[in-house]
Amino acid sequence: MSDLTIREILERYPFVIGYFEENRLDIQGQEEKTFEEFLNDFSEEEVEDFAIDRETLKINLEEYIHQMKDFLGIEEKLGISSLTILPGHDKSKKSEGFDELTISKSEIISIVGPTGSGKSRLLADIEWAAQKDTPTGRTILIDGKIPDKKWRFSSNNKLVAQLSQNMNFVMDLTVREFLELHAESRLVMDVDSTVSKIIDSANRLAGEKFELDTPVTSLSGGQSRALMIADTAILSSSPIVLIDEIENAGIDRRKALDLLVDEDKIVLMATHDPTLALIADKRIVIKNGGIDKIIETSQEEKELLKKLEEMDMFIHNMRTSLREGKQLKM
Ligand SMILES: Nc1ncnc2c1ncn2[C@@H]1O[C@H](COP(=O)(O)OP(=O)(O)OP(=O)(O)O)[C@@H](O)[C@H]1O
Ligand SMILES: [Mg+2]
């Protein structure tokens with residue numbers, strides 16, 4: 001806490017604004033200082049005016065955060081460092097041929113395999129923190145341990161952010177209402193600017209721009225996907241990100257991935273796309289419902305990736321021209 005700036009404290013615990021207000025601490029323009037630096041900038045007379053000393057203000061701030069967290073039922077952001085998959089069995093009940101697979105923070109893993117082979121199933125096992133209670137019999141460990149049951153059911157501070165293959169909005173809400181609801185449930189203070197940040201990012205991913213007053217039910221597949229990606233990237237603090245089939249929606253995949261992937265996260269993505277598969281450090285090959293192989297992306301493949309990216313760019317430009325109604329040239 002002591003090395004966080006006020007801005008960082010507020011990002012993490014938006015409710016702290018209440019503490020500053022109660023104590024008549026005007027933090028406007030002071031956001032880049034730590035709380036201690038902020039207090040140290042007061043003169044002795046000013047401190048006397050508070051009738052409370054700096055040390056007490058610091059202790060009370062920590063206590064305030066502690067109590068608010070309890071009250072709101074938030075747990076500290078789960079600073080997890082690894083995810084482990086223990087083998088189960090494939091569709092023919094044959095045991096998977098690996099001992100264990102541990103994925104560390106900041107690793108990107110892709111999941112490849114034929115249609116229907118079980119890629120989405122593996123993501124679902126992780127999301128559910130399978131304990132031999134899914135069709136694959138796999139076990140998922142977090143930091144080497146069986147994770148606490150409670151995060152399976154917690155909707156707020158979820159361990160896993162999942163972007164699933166099929167996105168169906170059933171609610172009759174506008175994009176703004178949907179994002180506001182979501183931002184509020186995440187205790188975001190500045191809902192308006194967060195909402196506009198999300199829609200801007202989403203529109204940078206999607207082809208045809210949409211507006212805040214567009215009903216979510218009338219978004220196209222690509223647009224709703226872009227919206228969910230931007231929403232997850234900006235609102236979710238989950239340390240594990242699961243992505244299913246980013247490529248199907250005609251959105252800018254590379255941009256989407258850059259938005260979602262961040263140093264602190266463990267990222268798994270199921271894909272049929274060679275570029276995305278090779279961006280990953282490792283890939284899991286699924287066959288007949290089981291993990292068949294785990295392949296490390298080789299140097300040669302990384303070289304190949306550059307070529308693939310050039311080809312993707314070529315196709316991307318063609319697609320854009322086509323969409324804009326232009327005549328394509330050689
Ligand atoms: N080990 C397993 N044992 C039993 N059923 C399994 C196993 N693995 C996967 N399945 C089932 O096989 C079906 C297809 O799997 P899944 O949807 O994960 O395929 P996929 O690889 O994601 O396909 P696509 O590329 O089309 O998205 C699902 O019903 C899933 O539950
Ligand atoms: Mg799938």
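If you read the sequence from its start, that first residue is 1, and numbering goes on from there. For ligands, and for the atoms within them, numbers begin at 1 and follow the listed sequence. Since we're looking at a predicted model, the values are computed, not measured.
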Hey, do the aromatic rings of Phe42 and Phe38 have their centres closer than 6.0 Å?
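Yes, the ring centres sit under 6.0 Å apart.
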Heavy atoms, side chains only, cut-off 4.5 Å: are [X] and [Y] in contact?
X	Y	result
Arg204	Leu259	no
Lys302	Leu278	no
Ile284	Ile286	yes

May I ask you to check whether [X] and [Y] show a side-chain donor-acceptor distance below 3.5 Å?
X	Y	result
Glu324	Ser321	no
Asp53	Thr56	yes
Ser81	Asp143	yes

The answer for which part of Thr115 has a heavy atom under 4.0 Å from ligand 1 is both
Numbered in order shown, the ligand 1 atoms found under 4.0 Å of a heavy atom of Ser120 are 17 (O), 18 (O), 20 (P), 22 (O), 27 (O)
I'd like to check which ligand 1 atoms, numbered from 1 as shown, lie under 4.0 Å from a non-hydrogen atom of Pro114.
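Counting atoms of ligand 1 from 1, those under 4.0 Å from Pro114 are 21 (O).
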Contact between His272 and ligand 1, counting heavy atoms under 4.0 Å?
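Distance cut 4.0 Å: His272 passes for ligand 1.
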Could a heavy atom of Gly116 be found less than 4.0 Å from some atom of ligand 1?
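Contact check Gly116 vs ligand 1: positive.
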Kindly identify the option in [options] whose heavy atom sits closest to [atom].
atom	options	answer
atom 3 (N) of ligand 1	Pro135, Ala270, Gly289	Pro135
atom 2 (C) of ligand 1	Thr136, Ile111, Val112, Leu123	Thr136
atom 19 (O) of ligand 1	Ala124, Gly118, Gly137, Ser92	Gly118
atom 30 (C) of ligand 1	Arg121, Lys119, His89, Arg138	Arg121

Tell me whether the Mg ion (ligand 2) has Thr115 as a neighbour, meaning an N, O or S atom of it below 2.8 Å.
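Under 2.8 Å: Thr115 has no N, O or S contact with the Mg ion (ligand 2).
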